[in-house]
Amino acid sequence: MFTTIQLTIPANAEYLHIVRLTLYGIASKAGFSFEEIEDMKVAVAEACNNSILHAYPEQQAGSVEVSFELDEEGMCIRIKDKGESFDYELASKKAVSHHDKKMDELRAGGLGLYMMQALMDKVQVISKNGTEVLLTKFFKKMGAA
């Protein structure tokens, strides 16, 4: 079984609910648990929000392409924009721990990729001709913890 469902939304936060609702419908039909679906919704919303906020300059209209790919192992969700790319390797190296920091030393943002990695089983970022984030959640094997 291999199924792909594609969705393209304007790069505008008011359309994120469409992505979340679509994800919920596909993931629940595929057999993911409520907790797994909630984790996926947070990770996908973060990836979409990054595209909306960072890919296109304020005056430039853009879109975000989302595809849900189901196979026997699980689901891969691809979030792609054709806006400004970023250097994922450099951003990963610049990421610092927030442990041992005082509240006034913290800044907003910068945790999105970390959060996606914590919520999903596999995260890949391709920064070429825009940015593409691949978020994978595997089906739990029976008897696995």
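Side-chain contact between Thr131 and Ile126 is absent, with no heavy-atom pair separated by less than 4.5 Å. No side-chain heavy atom of Met40 sits under 4.5 Å from any side-chain heavy atom of Thr136.
The environment of CZ in Phe2 is crowded: more than 12 heavy-atom neighbours from other residues, nucleotides or ligands sit within 6.0 Å. Within 6.0 Å of atom CZ in Phe138, more than 12 heavy atoms from other residues, nucleotides or ligands are found, so the atom counts as buried in its surroundings.
Within the hydrophobic cluster formed by Ile, Leu, Val, Met, Phe, Trp and Tyr side chains joined at under 4.5 Å, directly or through other members, Met115 is accompanied by Val42, Leu119.
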Going through the distances and angles, do Leu16 and Ile52 end up as a side-chain contact (heavy atoms from CB on, under 4.5 Å)? CA-CA 10 Å; Leu16 282 177; Ile52 291 165; 4.0 Å; yes

The test is side-chain contact (heavy atoms from CB on, under 4.5 Å); show your working for Leu113 and Val125 and say whether it passes. CA-CA 9 Å; Leu113 286 170; Val125 178; 4.0 Å; yes

Applying side-chain contact (heavy atoms from CB on, under 4.5 Å) to Thr4 and Phe68, what does each step give before you reach the verdict? CA-CA 6 Å; Thr4 300; Phe68 305 91; over 6 Å; no

If you apply the rule side-chain contact (heavy atoms from CB on, under 4.5 Å), what do you find for Gln117 with Leu135, and how did you get there? CA-CA 9 Å; Gln117 291 167 342; Leu135 304 170; over 6 Å; no

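No continuous path of hydrophobic side-chain contacts links Leu21 to Leu23 [ILVMFWY only; heavy atoms under 4.5 Å].
The list of salt bridge (charged side-chain N to carboxylate O under 4.0 Å, His left out) pairs with a residue in residues 62-71, not counting sequence neighbours, reads Glu65-Lys82, Glu69-Arg78. Annotation: salt bridge (charged side-chain N to carboxylate O under 4.0 Å, His left out) contacts involving residues 35-44, sequence neighbours excluded, comprise Glu36-Lys140, Glu38-Lys41. Sorted by first and then second residue, the salt bridge (charged side-chain N to carboxylate O under 4.0 Å, His left out) pairs with a member in residues 17-33 form an empty list; sequence neighbours excluded.
In this structure, Tyr56 contributes its side chain and Ser63 its backbone to a donor-acceptor pair below 3.5 Å.
For Ile18, the side chain to side chain contact (heavy atoms under 4.5 Å, CB included) partners at least two apart in sequence or on another chain are Leu7, Tyr15, Thr22. Applying the ring pair (Phe, Tyr, Trp, His ring centres under 6.0 Å) criterion to Phe32, with sequence neighbours excluded, gives Phe139.
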